[in-house]
Amino acid sequence: MLCRVTMPTLPPGRRRPLSPGSRAGLGAALVLLAVVSAVELADPKTADFVGLLAAVPFLAAVFAFWQTVLVVGIVATVVGMAFVGAAGPITVAGMVNLLGILLATGIAGAVATIRQRQADRIAELQRLAAVAQQAVLRPLGPQVGSLAVAGRYISATAAADIGGDLYEALDTPYGVRIIIGDVRGKGLDAVRLASIVLGSYRHVAYERNDLKAMVTDLDRAVARSVGDEDFVTAALVEERGGTLTIVNCGHPAPLLLRRGQVIPLEPPAPAPPLGFMPEVKARVERLEPGDRLLLFTDGLGEARREGEFFPTADRAWRLLGHGTVGDGLASLETALVDWVHGRLEDDIALVLLEYAGPDDGATMPMPSWEVGAAGS
């Protein structure tokens, strides 16, 4: 879910290598140094342009580390002294120019130090945010019970990979159970609420034999932790002996991919999100070997370019129906990012499931509360 920042630790005594930005700043500074030197060499009897060398350390300070800035500033000062000395007796103007280069070097070094500290702090915060997100969203799959499972988190921002989208898949005594949800809002508050929902889900998924009872427990957990305007949309899915049960709390309907067709699994009746005491009705389907199910958050439905939304249903089979479930999600992400030209409006969580069929002919009984509901 965030631009994951790797901060390697250097062994003692080793210098930090120049980053591409540092090399760019150093290159720009050296180009300016060369240009001023060429101008002064064209007329060595005067040192009218030596003062321009004060800009050299400032150019380096835009990207480079402070050590590089000081080295560039010292080189610029030495070059300036050479030109001032070659022009004849040192004048007041020459001394002022040299002092200006030294002063500019000191200021540029201080600026580079402050910028570097801020960049390091931002990188550390991004790293901690990524760790927090990874602690909330554990890796899925590749196999959970009888289902092949893959999950993917696509961040809307390049600067951070943190938000309130959530998912989990568990192999419980009641079958494989999956949740996907979307917390209203972003940032650490959204991650906190997502962690509360997932923590509650990981408990009740093993304790409740009915998805409706799970929804009640999750709704209470959300209501205790949010304000009046906060909520969590969620879809809960259970696969038991080839029977698929879905309850939906204000969340986008999953898509069933079967034999080249894409079927939206809309709930029998709409229900509000968690936090608003939803009364859910289950939708039940019988799965066939090879069926795939796409769960997603509303960021996928909102992805658009020039007012045209990404045609998820039209392209789902071509993108998701090949290779492994991980391959399918990779294809969907590539097509989606290309569609929006890399500019998403919201984070997106994706989970793709594939049902391979019963193991060795063994089946689990259909849940008692679902008898007669299949196919309805």
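Remember, predicted model here, so these are calculated numbers, not experimental data. Residues take their numbers from the sequence shown, with the count starting at 1.
- When the side chains of ILVMFWY residues are joined at heavy-atom separations under 4.5 Å, either directly or via intervening members, Leu218 and Val351 end up in a single hydrophobic cluster.
- Rounded to the nearest 0.5 angstrom, Asp165 CG and Asp347 CG are separated by 5.5 Å.
- Nearest approach of Trp317 to Arg258, heavy atoms of both residues: CZ3-N, 4.1 Å.
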Side chain to side chain contact (heavy atoms under 4.5 Å, CB included) between Leu320 and Leu329, worked out:
CA-CA 6 Å; Leu320 300 171; Leu329 288 188; 4.2 Å; yes
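- Leu244 is connected to Val144 through a chain of hydrophobic side-chain contacts under 4.5 Å among Ile, Leu, Val, Met, Phe, Trp and Tyr, so both are in one cluster.
- In this structure, the side chain of Asp327 engages the main chain of Thr324 through a donor-acceptor pair within 3.5 Å.
- Considering every non-hydrogen atom in both Pro272 and Pro278, the closest pair reads O-CB, 3.1 Å.
- Note: Gln118 CD to Ile114 CD1 = 7.0 Å, rounded to the nearest 0.5 Å.
- By the neighbour-count criterion of 12 heavy atoms within 6.0 Å, atom CZ of Arg305 is densely surrounded, having more than that number from other residues, nucleotides or ligands.
- Side-chain contact between Arg240 and Thr245 is absent, with no heavy atoms from C-beta onward closer than 4.5 Å.
- Closest approach of Ile196 and Ala221 over heavy atoms only: CG2-O, 4.2 Å.
- Annotation for Leu211 and Leu236: closest pair CD1-O, 4.1 Å, computed over non-hydrogen atoms.
- For Gln67 (side chain) and Val71 (main-chain N/O), no donor-acceptor pair under 3.5 Å exists by modelled atom type.
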Verdict with supporting geometry, Val176 and Val237, side chain to side chain contact (heavy atoms under 4.5 Å, CB included)
CA-CA 8 Å; Val176 178; Val237 178; over 6 Å; no
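- Leu70 and Val56 are assigned to two separate hydrophobic clusters, defined by single-linkage of ILVMFWY side chains at heavy-atom distances under 4.5 Å.
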As a quick check of understanding, evaluate salt bridge (Lys or Arg N to Asp or Glu O under 4.0 Å) for Arg152 and Glu333, giving each step before the final call.
CA-CA 9 Å; Arg152 211 169 186 91; Glu333 179 180 0; 2.2 Å; yes
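- Counting only heavy atoms from C-beta outward, the side chains of Asp298 and Thr233 never approach each other to under 4.5 Å.
- The minimum heavy-atom distance between Asp291 and Arg286, with the atom names listed, is OD2-O, 4.5 Å.
- Pairing each heavy atom of Leu33 with each of Ala76, the nearest pair is CD1-CA, 4.1 Å.
- For the atom pair OH of Tyr355 and CD of Glu288, the computed distance is 10.0 Å after rounding to the nearest 0.5 Å.
- For the pair Arg177 (side chain) and Ala205 (backbone), a donor-acceptor distance under 3.5 Å is present.
- Using a distance-only test at 3.5 Å, with no hydrogens or angles considered, no donor-acceptor pair links the side chain of Arg283 to the main chain of Val247.
- We find the CG-CG distance between Leu265 and Leu256 to be 5.0 Å, quoted to the nearest 0.5 Å.
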Take Val183 and Leu166, measure what side chain to side chain contact (heavy atoms under 4.5 Å, CB included) needs, and give me the verdict at the end.
CA-CA 8 Å; Val183 176; Leu166 59 96; 4.0 Å; yes
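- In this structure, the side chains of Leu353 and Val325 stay at 4.5 Å or more apart for every pair of heavy atoms.
- For the pair Pro311/Trp339, a side-chain contact is recorded, criterion being any heavy-atom separation below 4.5 Å from C-beta on.
- With rounding to the nearest 0.5 Å, the separation of CG in Asp217 from NE2 in His203 is 7.5 Å.
- Distance check, rounded to the nearest 0.5 Å: CZ of Arg224 to CG of Asp219 gives 9.5 Å.
- Placement of Phe58 and Val75 in two distinct hydrophobic clusters is found when ILVMFWY residues are connected by side-chain heavy-atom separations under 4.5 Å, directly or transitively.
- Residues Leu300 and Phe310 form a side-chain contact, since some pair of their non-hydrogen atoms from C-beta on lies under 4.5 Å apart.
- Looking at Arg115, its side chain never comes within 3.5 Å of a backbone N or O of Thr113 through a donor-acceptor pair.
- By the criterion of side-chain heavy atoms lying less than 4.5 angstrom apart, applied directly or through intervening Ile, Leu, Val, Met, Phe, Trp or Tyr residues, Val197 is grouped together with Tyr206 in one hydrophobic cluster.
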List the steps and the verdict of side chain to side chain contact (heavy atoms under 4.5 Å, CB included) for Lys281 and Lys212.
CA-CA 8 Å; Lys281 293 185 178 180; Lys212 297 178 182 179; 5.5 Å; no
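- You'll find the side chain of Tyr153 stays beyond 4.5 Å of the side chain of Ile348, heavy atoms only.
- Between the side chain of His251 and the backbone N or O of Pro273 there is no donor-acceptor pair closer than 3.5 Å.
- When each of Ile180, Leu294, Asn248 is paired with Pro254, the side-chain contact (heavy atoms from CB on, under 4.5 Å) condition holds for Asn248 and for no other.
- In this structure, Leu293 and Leu352 have side chains that are not in contact, with every pair of non-hydrogen atoms separated by 4.5 Å or more.
- Looking only at side-chain heavy atoms (C-beta outward), Gln116 and Asp120 come within less than 4.5 Å of each other.
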